[in-house]
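A quick write-up on the structure given underneath.
Because the structure is predicted, anything quoted here is derived from the model rather than measured. Positions are given from 1, in the same order as the sequence printed here. Only heavy atoms go into these numbers, but all of them, side chains included; no hydrogens, no water, no symmetry mates.
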Amino acid sequence: MPNRNEKNKRKELVRQWSLEQNEKFLNSLPMPKVKFLELFDYIDENITLDEDDFPSFRWTEKFLTANSIDRLLMINWCIQNGVVVTVKFSGILKILFNKLNSQIPIS
């Protein structure tokens with residue numbers, strides 16, 4: 001059975017790995033984290049469940065254009081990462097980003 005010191009070392013390794021994974025994820029984002037949070041709010045305010053093209057990138061594209069963000073880069077990132085922007089997805093990502101906020105400052 002591992003002693004207390006070994007358990008603490010393992011916990012620290014897991015914590016470091018988790019922080020590295022969070023940083024790796026944030027570095028892969030095609031726009032600043034703050035803009036993602038603004039995008040989620042924008043989608044929440046505009047998308048409805050009964051839209052003809054639901055789910056689609058329509059509201060994402062409008063937000064990106066209005067904020068002069070490279071739309072193709074963002075949409076390619078979403079497709080490569082299996083992202084479909086829906087109300088449910090937006091809520092899940094908000095939870096993820098809020099969790100990351102507690103670990104990594106917004107830049």
### Single-linkage hydrophobic cluster, 4.5 Å side-chain cutoff, L73 and Y42 together
no
If you look only at distance, which donor and acceptor atoms sit under 3.5 Å apart when one is on a side chain in residues 61-68 and the other is two or more places apart or in another chain?
| unit_1 | atom_1 | unit_2 | atom_2 | d |
| --- | --- | --- | --- | --- |
| T65 | OG1 | E61 | O | 2.9 |
| N67 | OD1 | K35 | NZ | 3.1 |
| N67 | ND2 | F63 | O | 2.8 |

## Note on the structure
Residues S28 and W77: closest non-hydrogen pair is O-NE1, 3.0 Å
### Query
Which atom pair, heavy atoms only, marks the closest approach of N3 to N5?
OD1-N, 3.0 Å
### Task
Would you give the length of the straight line joining atom NZ of K11 to atom CZ of R4, rounded to the nearest 0.5 angstrom?
9.0 Å
### Query
Once you round to the nearest 0.5 Å, how far does CZ of F36 lie from CD1 of I69?
9.0 Å
#### Entry: R15: side chain to side chain contact (heavy atoms under 4.5 Å, CB included) partners, not counting sequence neighbours
E12, L19
### Query
Does the side chain of E45 come within less than 4.5 Å of F40's, by heavy atoms?
no
### Task
State whether the side chain of Q16 and the backbone N or O of L13 hold a donor-acceptor pair below 3.5 Å, judged by distance alone.
no
### Query
Just wondering, do R71 and T60 contact through their side chains at under 4.5 Å, heavy atoms?
no
